[in-house]
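Basis for what follows: all heavy atoms, side chains included, without hydrogens, waters or symmetry-related copies. Residue numbers start at 1 and run along the sequence shown.
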Amino acid sequence: MMLLRPRFLSPSPISSSSSSSSPSPRRSPPPSSSTPRPRARHRRRRRAPSSPPPTQPELRRLTSRIVDLTRRRQLPQIMDEVGAARRRAVDRGAGGGLNTIVMNAVLEACVRCGDVGLALTLFDEMRGPGGCGVDGVSYGILLKGLGIARRIDDAFEILESIEKDTSIGSPRLSPHLICGFLNALIEAGDMRRANALVARFRQVLYEGHSILLYNLLMKGYIKSNFPLGALTVKDEILRQGLKPDRLTYNTIISACVKSAEIDMAIQFLEDMKEEAKRDNNPELLPDAVTYTTLLKMKSAPISIDRTAYTAMVDALLACGSINGALCIFGEIIKQAGNNKDLRPKPHLYLSIMRAFATIGDLDMVKRLNKRMWPDSVGSISRSAKEEADELLMEAALNNNQVAVKVETLSGFTNSLLRPHVFPQIVLNDPVEKYMIPFQETQPLHADLILEEVVMRFFKDPVVPIVDDWGSCVGIVHRQDCTKIDAPLLSMSRGPPLCVPTSTSVEHVIDLLLREKSKMVVVVKRGNMYEGSYASSSRPLGVFSLAILWKFTADATDIDGMDAAHQLQQDVEASNCG
């Protein structure tokens, strides 16, 4: 400990006086014996300005590169690039060449990557002879690193030297300088030393009556075993005449949730809203952090259902916090993997799509529109389909993509209503009018081995299979053909989807999309109920998505072909989902 103290002290007057005494100058040699030598030295001096030191843009690029590598925790790469920059500066005759800003970024990288020893070495180089110098930022980074490394005595020694004004660089003792060290203590859960630090430098920390100090102390109580201690800090804030900010309320709510004080957390949420309304301060309204903190209550005895999740998303959208709404939406999707009752309804998708359409985020609206079909629960009404298409067009207009075709913006089912895409189809017509006879599909026998007919699936993506009596017993999809020596029946997805001949085309298309299938079997009316199949009834025909593409516009109609191609991609994406 005693060895570290001289590092941060200014040079003594004795050493400075001794260094000022220089040896006596050497005599110049006789001019007759060394005439060329002064010329050579003169030429060497002229070469120096031809290699300028690193320019400010070069140093800014290097600093940006260091910050980027710090995020990736690539400290060896940082040191290699800094070493290369130093060598280039030496070759130019510019000494070290790197300024304090660059080296402060390197210090921050060392602290972030956990190498405090290297940070101390670099700090000594910066403050030493020939170094770039140190400033308040350098001391703040070093104090934070010492706090993370639990070298508390060394950090206090530096603070004392700064307080006595004996540190190199003459840094000023400020709340910003101390708060980095205080935060490191709090992150480590060392509230005893954190309180000692506050008591030791109370006068400095209370300069300007900043709320930051109190927020840090509340954070420390949450990390300790006494989270409700944060409430006493809030009382101190009010006694000092300060106003809590959003971070203050979020920290208090987090403390209540951690203590399982749910009613208290809800009360602080209401206080937060009321104060924001009273002071007309939108910066105090709940944000994504507030609601995601409240989501931690799901580990408590109270349960959050789909209605509560949806209400949270609507509240965040009403506050203008789209990112917060996406956080809650992601939580819903995550929880829905284990609980199907939490699967969102189409209303939730449309609410988020409205928000993104307003800001012109066309890509996000298109993604939500595609995922609404396979991921939502419940029926999607015609009005919901039409609104989804309108939101796509609104997003395109707000994104200044006026030339975007309406066909590429619409979902599959609603696009069928446009006669220029499917001019030969009427949605209300019975499917019998557009089906193809069953025998024309060239069905395969269910007992055949895949190896014997594998080439058929290179040609057709989906093939019906029949039994000995000619009844359709299943449909085999190309992507399900994974065992070359297995019978086709084992790769079928069960009984085929069947509809009577009187079923409308629109209903059949909805069925294909809902069940994520590519083909439906058409049987005589009265032989079956939709969704089941009797092996005693023979199939009359099939209707598939491949048949649907045959009714698209002519090949000469480029717009129509582009629209049909886009619709096919939408359907395939929906089936994959």
One pair to check against side-chain hydrogen bond (donor to acceptor under 3.5 Å, both in side chains): Thr251 and Asn215. What are the steps and the verdict?
CA-CA 7 Å; Thr251 309; Asn215 291 338; 5.2 Å; no
Go through the steps to decide whether Phe356 and Leu362 satisfy the test side-chain contact (heavy atoms from CB on, under 4.5 Å), and finish with yes or no.
CA-CA 7 Å; Phe356 281 106; Leu362 177 60; over 6 Å; no
Check: [Y] and [X] side chains under 4.5 Å, non-hydrogen atoms:
{"X": "Val520", "Y": "Pro496", "result": "no"}
{"X": "Lys433", "Y": "Val505", "result": "no"}
{"X": "Phe457", "Y": "Cys481", "result": "yes"}
{"X": "Thr501", "Y": "Val523", "result": "no"}
{"X": "Leu317", "Y": "Ser351", "result": "yes"}
{"X": "Thr248", "Y": "Asp245", "result": "yes"}
{"X": "Tyr434", "Y": "Asp429", "result": "yes"}
{"X": "Asp314", "Y": "His347", "result": "yes"}

With sequence neighbours excluded, what pairs up with Leu231 under the side-chain contact (heavy atoms from CB on, under 4.5 Å) test?
Leu228, Ile252, Met264, Phe268
Who are the side-chain contact (heavy atoms from CB on, under 4.5 Å) partners of Cys113, not counting sequence neighbours?
Arg73, Leu75
Can you name the residues that form a salt bridge (Lys or Arg N to Asp or Glu O under 4.0 Å) with Asp460, not counting sequence neighbours?
Arg456
[X] side chain to [Y] backbone, donor-acceptor under 3.5 Å:
{"X": "Thr70", "Y": "Ile66", "value": "yes"}
{"X": "Arg246", "Y": "Pro282", "value": "yes"}
{"X": "Asn281", "Y": "Glu283", "value": "yes"}
{"X": "Ser254", "Y": "Asn250", "value": "no"}

Decide, yes or no, whether a salt bridge links Glu387 with Arg354 under the criterion of side-chain N to carboxylate O below 4.0 Å.
yes
Would you check, one step at a time, whether the test side-chain contact (heavy atoms from CB on, under 4.5 Å) holds for Met272 with Leu285?
CA-CA 7 Å; Met272 190 177 183; Leu285 287 171; over 6 Å; no
Minimum-distance pair of heavy atoms, taken over all atoms of Asn369 and Met353:
CB-CE, 3.9 Å
Any salt bridge (Lys or Arg N to Asp or Glu O under 4.0 Å) pairs touching residues 253-273, not counting sequence neighbours?
none
Salt bridge (Lys or Arg N to Asp or Glu O under 4.0 Å): which pairs involve residues 471-489, sequence neighbours left out?
Asp480-Arg493
Can you name the one residue among Ile465, Leu497, Val521 that meets side-chain contact (heavy atoms from CB on, under 4.5 Å) with Ile475?
Val521
Among Val313, Ile352, Ile333, find the one that has a side-chain contact (heavy atoms from CB on, under 4.5 Å) with Pro344.
Ile333
Pair Ser504-Asn428, side-chain donor/acceptor within less than 3.5 Å
no
What about Phe329 and Tyr309, are their ring centers closer than 6.0 Å?
no
For Arg112, does the CZ atom have more than 12 heavy-atom neighbours from other residues, nucleotides or ligands under 6.0 Å away?
no
Output a table of donor-acceptor pairs, distance under 3.5 Å, between side-chain atoms of residues 437-446 and any protein atom two or more places apart or on a different chain; print 'none' if there are none.
| from | atom 1 | to | atom 2 | distance (Å) |
| --- | --- | --- | --- | --- |
| Thr441 | OG1 | Phe438 | O | 2.5 |
| His445 | ND1 | Asp447 | N | 3.1 |
| His445 | NE2 | Asp468 | OD1 | 2.5 |

Step by step, would you call Met519 with Phe543 a side-chain contact (heavy atoms from CB on, under 4.5 Å)?
CA-CA 6 Å; Met519 181 179 288; Phe543 185 87; over 6 Å; no
